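Small disclaimer: the values here were computed from a predicted structure and weren't measured.
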Amino acid sequence: MNFADIQQTWGSPSNRPSPAQIETEKMKFIADLNRRRRGNVLFLGLVFALLAFMTGKVVLHLVSPAPGLATVDLTQEWGIIPFFALPWIGWIAMLRLHRRHRRQHANYQGSINASVAALLDENRSERVRYKVIGALLIVSALLLPLIVFQLRAVGKAGNEILFPAFVLWPGYVVVVLLWASSHYRRKLLPRKSELEALLQQYRSG
């Protein structure tokens, strides 16, 4: 939704849009928020399915390793526990953000004021999600040396693990963080300012 288009309503003579204009703008805000909520639910569902599948395979291997595959000794390879827990921590944090947002803005369809406030809070939740994902990626990169050391100590890896662990993964983390930082500054922060200005303009009007 283009902020300039929204502003046209509030730039009308005497800043008194007609009831029809108000209803039209309200429906735009509601449609925008509904679309964002559906996207977030889809994202959470897809991530949960992937995490559940991966975690199930890991647990199955720990309980009953397939023939020909090395077993995992958690007394010596415990570093994989926090590493595999990181995605779950992120997913739970994002789920809590989503539920908190839905709970605090259950009546967002009642007015433009409520729908814009809900959009502003959704923007805040999205900015928090970016920070959580960034922090988890950094922690994962910091955990890799421990995992590499443990794998090499038990003879499950040699020098071939050094390049992906210390070059490829950190490089991937840096690229993702740079992209996320750019999107945060160029998209999320300007949208936050626009929604705050629109909400203030509506309330003062």
Side-chain angles (χ1 to χ4, degrees), residues 36-103 121-192:
R36 292 176 182 276
R37 285 184 171 183
R38 286 194 302 268
N40 194 37
V41 169
L42 178 61
F43 174 75
L44 287 171
L46 290 175
V47 171
F48 176 80
L50 180 61
L51 288 177
F53 174 75
M54 294 176 60
T55 303
K57 292 196 67 174
V58 171
V59 172
L60 181 62
H61 178 70
L62 291 174
V63 174
S64 179
L69 294 179
T71 59
V72 177
D73 183 359
L74 291 180
T75 62
Q76 300 184 69
E77 303 171 67
W78 55 266
I80 64 172
I81 297 177
F83 188 81
F84 280 106
L86 288 176
W88 280 109
I89 293 172
W91 185 83
I92 292 172
M94 288 186 285
L95 177 64
R96 288 173 62 88
L97 280 171
H98 177 74
R99 295 181 64 181
R100 185 205 63 83
H101 167 75
R102 296 291 293 260
R103 183 173 61 253
D121 185 67
E122 191 275 336
N123 174 270
R124 185 199 66 82
S125 296
E126 188 173 3
R127 286 184 282 116
V128 173
R129 286 195 295 270
Y130 270 66
K131 294 177 181 178
V132 169
I133 292 173
L136 293 176
L137 284 173
I138 293 173
V139 173
S140 73
L142 295 177
L143 278 174
L144 270 182
L146 171 65
I147 295 174
V148 169
F149 171 79
Q150 291 181 342
L151 289 176
R152 287 166 63 88
V154 298
K156 290 184 177 179
N159 293 334
E160 75 281 353
I161 199 176
L162 299 179
F163 182 74
F166 296 124
V167 178
L168 292 184
W169 182 254
Y172 167 77
V173 170
V174 169
V175 170
V176 172
L177 290 178
L178 288 175
W179 176 86
S181 176
S182 175
H183 184 78
Y184 188 96
R185 290 183 288 103
R186 299 181 61 179
K187 299 293 184 180
L188 299 184
L189 288 181
R191 178 173 175 80
K192 168 182 174 291

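Ring geometry for Y130 versus W179: interplanar angle under 30°, hence parallel rather than tilted (30 to 60°).
Across all non-hydrogen atoms, the minimal contact from L146 to G79 is CD2-CA, 4.2 Å. What you find for H61 and T71 is that their closest heavy atoms are NE2-CA, 4.4 Å. The two atoms that bring G90 and V132 nearest to each other are CA-CG1, 4.2 Å, heavy atoms only. Closest heavy-atom contact between L136 and L86: CD1-O, 3.5 Å. Taking both residues in full, the closest heavy atoms of V72 and K156 are given as CA-NZ, 3.7 Å, listed atom of the first, atom of the second, then distance. Considering every non-hydrogen atom in both P170 and A165, the closest pair reads CD-O, 3.2 Å.
Note that CZ of R127 and CD of E122 are 10.0 Å apart. Values are rounded to the nearest 0.5 Å. To the nearest 0.5 angstrom, I92 atom CD1 is 12.5 Å from L97 atom CG. For the atom pair CG (L44) and CG (L95), the distance works out to 6.0 Å, reported to the nearest 0.5 Å. Expressed to the nearest 0.5 Å, how far CH2 of W88 lies from CZ of F48 amounts to 5.0 Å. Taken from CG in L144 to CZ in F166, the straight-line distance is 7.0 Å, to the nearest 0.5 Å. Taking CZ from R129 and OH from Y184, the interatomic distance works out to 12.0 Å, rounded to the nearest 0.5 Å.
Considering V174, I133, L177, L143 in turn, L177 is the only one that fulfils the side chain to side chain contact (heavy atoms under 4.5 Å, CB included) rule with I138.
Side-chain contact between L168 and F163: present, with at least one pair of heavy atoms (C-beta onward) separated by less than 4.5 Å.
Judged purely by atom type and a 3.5 angstrom limit, S140 uses its side chain to pair as donor or acceptor with the backbone of L137. Checking side-chain atoms of S125 against main-chain N and O of D121 turns up a donor-acceptor pair under 3.5 Å. With hydrogens and angles disregarded, a donor-acceptor distance shorter than 3.5 Å links the side chain of E77 to the backbone of D73.
Between the side chains of H101 and R37, at least one donor N or O lies within less than 3.5 Å of an accepting N or O. Side-chain atoms of N40 and R36 form no donor-acceptor pair, as typed in the model, at a separation below 3.5 Å.
Counting non-hydrogen atoms of neighbouring residues, nucleotides and ligands closer than 6.0 angstrom, the CZ atom of R100 exceeds 12 such neighbours.
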